[in-house]
Amino acid sequence: MQITINQLIQAKQEKRQIVVLTAYDFAMAQILDRVGIDIILVGDSLAMVALGYETTLPVTLDEMVHHAKAVRRGVKQSLVVVDLPFLSYQESPQQAMHSAGRVLKETGAQAVKLEGGNPAIAHTVSVLTSVGIPVMGHVGLTPQSVHQLGYRKQGKTAESGDRILAEAIALQDAGAFAIVLEHIPADLAAQISQKLIIPTIGIGAGPHCDGQVLVINDLLGLSVRLPPFAKAYTNLREIISEAVQNYCADVREGRFPE
Ligand code: KIV
């Protein structure tokens with residue numbers, strides 16, 4: 001049985017942490033699903049960690065849909081959320097409806113995520129949720145605004161903290177079912193998590209959120225540079241390099257095939 005949005009809200013009420021990871025392909029999605037990850041996010045971090053771009057901006061809706069279809073084929077239980085990429089939703093609520101509709105219809109994912117919480121974005125979220133499209137919000141450091149914000153921690157002053165809190169409340173009021181809080185002070189994340197009925201999912205936002213998300217490549221030690229708030233649980237770059245070196249040596253020295 002697939003995890004539902006109501007179960008996530010119940011998890012918050014029962015103080016059970018929600019576990020979220022990104023995935024970009026079938027094989028990884030199958031592993032995460034079987035381990036029991038609550039939400040698999042086909043993040044637009046795809047642009048950087050799987051497609052080799054410098055930022056998340058270049059990835060297209062077609063590319064997101066392509067990868068989300070592969071992820072969805074590997075999943076039986078986790079809730080699958082797909083990022084709407086840069087400029088696939090900011091133009092108008094109609095553009096957002098078209099993009100989110102494509103994601104749900106073509107990939108079989110259950111929800112979309114979009115960045116920001118200003119009044120225009122909150123309005124877009126209310127339009128999407130009014131037609132039954134579940135939306136996850138994302139405030140704090142929003143990588144699609146890298147050319148304005150950089151990758152710096154957000155919400156460090158009282159004024160910007162208040163703005164992020166107001167954005168989170170506006171997104172909840174617009175019908176978002178959860179909100180990612182990225183790279184903000186832990187006490188601000190705690191305050192937002194306490195104020196909201198819907199779950200907050202933190203990344204670089206301290207331990208007081210209702211769940212946590214990491215980019216799978218960071219967790220596995222595949223990323224060359226790790227964000228300061230990420231944690232590598234293994235070093236797959238080394239493990240894969242060693243396996244490939246062993247294969248090279250076996251082929252070159254006639255040990256494989258036997
Ligand atoms: O694109 C992504 O992977 C994300 C997570 C870091 C939350 O948005």
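Atoms within a ligand are numbered from 1 in the order they appear, just like the ligands themselves.
- Not a single heavy atom of E115 sits less than 4.0 Å from an atom of ligand 1.
- Taking a cutoff of 4.0 Å between a charged side-chain nitrogen and a carboxylate oxygen, R163 and E167 qualify as a salt bridge.
- Defined by atom type and a distance below 3.5 Å, a donor-acceptor pair is missing between the side-chain atoms of Q90 and E115.
- Close approach of ligand 1 to G43 (heavy-atom distance below 4.0 Å) involves ligand atoms 1 (O), 2 (C), 3 (O).
- Ring to ring, F229 and H183 are close: their centroids are under 6.0 angstrom apart.
- Contacts between T56 and ligand 1 below 4.0 angstrom, taking non-hydrogen atoms only, are absent altogether.
- Contact record, D38 with Q17: OD2-O, 4.0 Å, taken as the closest heavy-atom pair.
- Judged by distance alone, the side chains of E182 and H138 do bring a donor and an acceptor atom under 3.5 Å apart.
- Residues V19 and V42 share a hydrophobic cluster, clusters being chains of Ile/Leu/Val/Met/Phe/Trp/Tyr side chains in contact below 4.5 Å.
- Of the N and O atoms on the side chains of Q144 and Y89, at least one donor lies less than 3.5 Å from an acceptor on the other residue.
- Ligand-side atoms of ligand 1 in range of I203: 6 (C), range being under 4.0 angstrom from any heavy atom.
- Residue T22 touches ligand 1 through its side chain alone, judged by heavy-atom distances below 4.0 Å.
- Close N/O approach between S45 and ligand 1 is found [any backbone or side-chain N/O within under 3.5 Å].
- For atom 4 (C) of ligand 1, the closest non-hydrogen atom of the protein is L41 CD2, 3.7 Å.
- The H138 neighbourhood of ligand 1 comprises atoms 8 (O), with distances under 4.0 Å to a heavy atom of that residue.
- Of all atoms in ligand 1, numbered sequentially from 1 with element shown, those under 4.0 Å from a heavy atom of D83 are 1 (O), 2 (C), 8 (O).
- Ligand 1 has no N or O atom lying under 3.5 Å from any N or O atom of E182, backbone or side chain.
- Polar contact check, K113 against ligand 1: a nitrogen or oxygen pair lies under 3.5 Å apart.
- The residues K12 and D210 are annotated as salt-bridged, a charged nitrogen and a carboxylate oxygen being separated by less than 4.0 angstrom.
- Residue contacts with ligand 1, taken as heavy atom pairs separated by less than 4.0 Å, do not involve I201 at all.
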